[in-house]
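Here the structure comes first, spelled out in structure tokens, and everything after it is commentary.
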Amino acid sequence: MTFQGLVSTWQEYRVPFLLAQLALLGVVLSIRFVQYRNAQKSKTLRAPPVRSPILVSKDKNWQEGDNDRSPDPAFREIVKKFDQDEGPLQAKVAGSQKRMPKRVTGVKATKNLGIEEAGNRKILPVIFFSSLTGSSERYARTLTNDIRQSLHRQASNVLEPQIHDLSYIDYDDYFVTPPKPAEGLQYFYLLLVPTYNIDTVLTTFLDNLKETHHDFRIDTAPLVSLAGYSVFGFGDKEGWTTEEQGFCSQAIEIDRWMAKLTDRKRAFPIGLGDVKSDVQSQLEAWKRGVESVMIDISINGSLGEGVRGSGDSLESDEEDVDTTGAGSAASKPRKPTKRIPNTSTNLGDLEDLGENHGLDTGSDADRTQISTPIPVDFTISKNTSTAPQPLKEMVPASSPTFTALTKQGYAIIGSHSGVKICRWTKSALRGRGSCYKYSFYGIKSHLCMETTPSLSCSNKCVFCWRHGTNPVGTTWRWQVDPPDLIFSGAKEAHLKKIKMMRGVPGVRAERFQEAMRIRHCALSLVGEPIFYPHINEFVQLLHADKISSFLVCNAQHPEQLESLKVVTQLYVSIDASNRESLRKVDRPLHRDFWERFVKCLDIIREKRFRMRTVYRLTLVKGFNIEDEAEGYAELVARGLPCFVEVKGVTYCGTSSSAGAGLTMQNVPFYEEVTSFVEALNTALGRRGLDYGIAAEHAHSCCVLLASKRFLVDGRWHTLIDYEKFFECLESGEEFAPEDYMGPLTPEWATWGHGGFDPADERVYRKAKKVAQEMTRSTDREDEA
Ligand SMILES: Cc1cc2nc3c(=O)[nH]c(=O)nc-3n(C[C@H](O)[C@H](O)[C@H](O)COP(=O)(O)O)c2cc1C
Ligand code: SF4
């Protein structure tokens, strides 16, 4: 090619050539830039983590995972033993590899790391303590010995515990990247700490937990592989009376941060002990709980179905913790239950049985000590066919009713009974106060089981919580489950729901433990308990187990009410003072509802010297308050109940309540409830009836009027002596309500004092005006 040819070629191709050169340069520069940036980043990652200056590992040569050279001789011993049992530890990783850099995954830690599998887990309890003046250390060492002796002996899968002083460990080794356990082994952390409102090692420890959680280079939950953890705090109530004032505040903080770092593996509620009073008993209760959880995990391989703690650094105010649980009794396919068989003689809709309505209890073998059931109403006979019909289940597991009720948190027992944990039980577990029954009658809500043996009801009250989902009917026309099945099923489901609360922030260890023994049963949840043909046998089972019985009925079943034997406290709902109002509020299915209602009041009058009788008035503004005080006074004169509870309606905010024409405007303010109570009290006085306003629970818009039978030397005794009640029952003699009258109603519960136990912590929900919280009952959950 000539020179000229070259020039012309250059001129023709110079533009694309130059562009190609530029593009190449761009690519080279980009690559160099990315390389440079990565190099910078890895430098940052290799920077040593911020450490507390006072924390020095005893053996700096020890690397995590290098279990044979662990700083703790006891741990080395355990690992050796474990090696012998299980073969060599699989998690030995070269120290240089493991030490730096820290694990950087950029993704949230995988939950549970396979611990949900059941099987033979080995649990290694690791006890951490901190102590300035030595007392926490003493408790921690005693606990270690106790666990070593008792737990290790009972459950071979729980290994000998380690103990560490938080002042002498390197936090990185335990709280940033815990020592990697061998396969099948999991650590269980127990932290025993005092609180100091001055700078101590705990301040550094807490800062370290926070830093670890917020450090972007580390998983937010680096301790997720633990089997669980639990904290016990030592504090001094003389100096720091309440948690708000700082009692055990550092232990509470540590508990919250541990929840975050473990991705909510709080295995047992935090225990708090006052070193000047109850520390021994609190620690003992906490120890028992923690031990049982460790055994559980070692057997079942996981924490089970707990409600996980929120792990929020600010404790959740959410009380409506879902205890429905994926695997709850409610949602599991129901096992075939032992039912009273239908024979050819009792087949057919019960409504058709006329006079022969006694339920056939099957063969002798199947009769299972069921005595004569309470007769049921047969006033309405829809089915004129004479052909025998097989009895159906009231709430079959496949029905929409079953689904709707379980969604609302009910556990369905057998085919017609239900259990649910009320909001007050949850509140009491967290030390935030019990329901009005504690203020009036001494029932601690965390010891109370709310259940019903009949989900069906013969009313459709406008304020009903069941959201229009439960079955209705005037007669019992379903299969009947035996009382022992309902009793054991209800207890089991209730305790299961309580256990699910163990990881919830704020649940108190001692209350959680107490709650494992049910003391009271509120037969009132939804439906009509005396509808169940074997209600007397069911109540007997409760009493035999020293569980008191509060039974609420809707004053529509006089025959059943008549046949009802003793309960601790018998209620009738008085939802209106006259026929028209009752029709509007209760929307009864019975055509003769008013006659039935009045008849029930007469029965209540007869029973008033055999058991405590109560009228329950639920006030609904615009429905049953205005100008009705005189009418209610007449009803009181007729039934002469021992007590009259007046309560503002609880708004449940559902479409069914809206459909019934109910809105927030129908919920009376507490001041309106108290004005009504005063008017009623005056109306009773005008009739010469000896009643007075005894107690109140403003928190749930509830006031108690009592007969002066319970006024002794000018002071109210509305509480119940439950021990005495059971003694009276066992004596086999007749007895009266006065025989099991309890001690003085506490002053804080009496009229004019609000009714909130000062020993509990009052919590106002966020985003609600305090005034509104105080005066209107708007909680969405049912209380009985
Ligand atoms: C200076 C000081 C500050 C304290 N601050 C609190 C506190 O804020 N809250 C609390 O509940 N107890 C507090 N306490 C009580 C201790 O937590 C309690 O005495 C504990 O048992 C001490 O444990 P130790 O002997 O293991 O150090 C404090 C005690 C001291 C001496
Ligand atoms: S609201 Fe009812 S069920 Fe709940 S604790 Fe009180 S009495 Fe028991």
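First listed ligand is number 1; within each ligand, the first listed atom is number 1. Please read all numbers here as calculations on a predicted model, not as lab measurements.
Aromatic pair Phe129/Tyr139: ring centres not closer than 6.0 Å.
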Every pair of nitrogen or oxygen atoms between ligand 1 and the protein that is under 3.5 angstrom apart - can you list them with their distances to 0.1 Å?
residue  : atom   : partner : partner atom : Å
ligand 1 : 5 (N)  : Thr195  : O            : 3.4
ligand 1 : 5 (N)  : Asn197  : N            : 3.2
ligand 1 : 8 (O)  : Trp240  : NE1          : 3.3
ligand 1 : 9 (N)  : Gly246  : O            : 3.0
ligand 1 : 11 (O) : Asp236  : N            : 3.2
ligand 1 : 11 (O) : Cys248  : N            : 3.0
ligand 1 : 12 (N) : Asp236  : N            : 3.4
ligand 1 : 14 (N) : Thr195  : O            : 3.2
ligand 1 : 17 (O) : Thr195  : N            : 3.2
ligand 1 : 17 (O) : Thr195  : O            : 2.6
ligand 1 : 21 (O) : Ser135  : OG           : 3.4
ligand 1 : 23 (O) : Ser135  : OG           : 3.4
ligand 1 : 23 (O) : Ser136  : OG           : 3.4
ligand 1 : 25 (O) : Thr133  : OG1          : 2.4
ligand 1 : 25 (O) : Gly134  : N            : 3.4
ligand 1 : 25 (O) : Ser135  : N            : 3.0
ligand 1 : 25 (O) : Ser135  : OG           : 2.6
ligand 1 : 26 (O) : Ser131  : OG           : 2.5
ligand 1 : 26 (O) : Ser136  : N            : 2.8
ligand 1 : 26 (O) : Ser136  : OG           : 2.6
ligand 1 : 27 (O) : Leu132  : N            : 2.8
ligand 1 : 27 (O) : Thr133  : N            : 3.0
ligand 1 : 27 (O) : Thr133  : OG1          : 3.4
ligand 1 : 27 (O) : Tyr196  : OH           : 2.4

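One distance of note links CG of Leu447 with CZ of Arg517; it measures 9.5 Å at 0.5 Å rounding.
Ring geometry for His164 against Tyr174 counts as tilted: the plane angle lies between 30° and 60°, on a 0 to 90° scale. Classified by interplanar angle (parallel below 30°, tilted 30° to 60°, perpendicular above 60°), the ring pair Tyr189/Phe128 is perpendicular. Ring pair His697/Tyr436 is tilted by interplanar angle, where 30° to 60° counts as tilted.
Ion pairing between a basic and an acidic side chain is recognised when a charged N comes within 4.0 Å of a carboxylate O; Arg256 and Glu253 show such pairing.
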